[in-house]
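Keep in mind the model is a prediction, meaning the values are calculated, not measured.
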Amino acid sequence: MSILKDVADIPACYGITIIDSNNNILGFHTCISRIKNGISQIKIIIGFKKLWISGKAIRIDGIGIKFIGDYTLDNPNDTIDPCGFIYC
């Protein structure tokens, strides 16, 4: 059984699906995490953007990482790749 954790504390690898509490796909894990102002975050790929996201989540084998409740995207204007692509 999975335990509710900060999303950055959940073991994951590149490409794992990130899902909201309504089972909508938000994006995919980049395997990059950080702590900003005391908040654990991971960087996810949404289309051609990479954004920081935080919140409480669980890992569900075969599905991905699912947020339980609210999540926060950190200032998307700061985190868009300068070249506009996933890989520069």
Undergrad: Which distance, rounded to the nearest 0.5 Å, do you find between the OH of Tyr71 and the CG of Asp20?
TA: 5.0 Å
Undergrad: Would the number of heavy atoms belonging to other residues, nucleotides or ligands and lying under 6.0 Å from CD1 of Ile25 be above 12?
TA: no
Undergrad: Would a single hydrophobic cluster contain both Ile18 and Phe28, if residues Ile, Leu, Val, Met, Phe, Trp and Tyr are joined by side-chain heavy-atom contacts under 4.5 Å?
TA: no
Undergrad: Measure across Ile16 and Gly64 and return the closest heavy-atom pair with its distance rounded to 0.1 Å.
TA: CG2-CA, 3.8 Å
Undergrad: Within the side chain of Asn22, is there an N or O that forms a donor-acceptor pair under 3.5 Å with the backbone of Asn24?
TA: no
Undergrad: Locate the shortest heavy-atom distance separating Asn23 from Ile19; write the atom from each residue and the value.
TA: CA-CG2, 3.3 Å
Undergrad: Provide the closest heavy-atom pair for Ile44 versus His29 in the form atom of the first, atom of the second, distance.
TA: CG2-CA, 4.5 Å
Undergrad: Is it the case that one hydrophobic cluster holds both Ile46 and Val7, taking links as side-chain heavy atoms less than 4.5 Å apart, direct or via other members?
TA: yes
Undergrad: Would you compute the distance between atom CD1 of Ile39 and atom CD of Gln41 and round it to the nearest 0.5 angstrom?
TA: 6.5 Å
Undergrad: Is there a donor-acceptor contact under 3.5 Å from the side chain of Thr72 to the main chain of Ser54?
TA: no
Undergrad: Between Ile53 and Phe67, is a side chain to side chain contact (heavy atoms under 4.5 Å, CB included) present by the stated rule, with each step listed?
TA: CA-CA 10 Å; Ile53 192 168; Phe67 280 95; 3.6 Å; yes
Undergrad: Any idea which heavy atoms bring Tyr14 and Cys31 closest together, and the distance?
TA: N-SG, 2.6 Å
Undergrad: Just verifying a value: how many Å separate Ile10 CD1 and Ser33 OG, rounded to the nearest 0.5 Å?
TA: 11.5 Å
Undergrad: Measuring from atom CD1 of Ile65 to atom CD1 of Ile42, what distance do you get when rounded to the nearest 0.5 angstrom?
TA: 5.0 Å
Undergrad: What I'd like to find out is whether the side chain of Ile68 reaches to under 4.5 Å of the side chain of Ser21, using heavy atoms alone.
TA: no
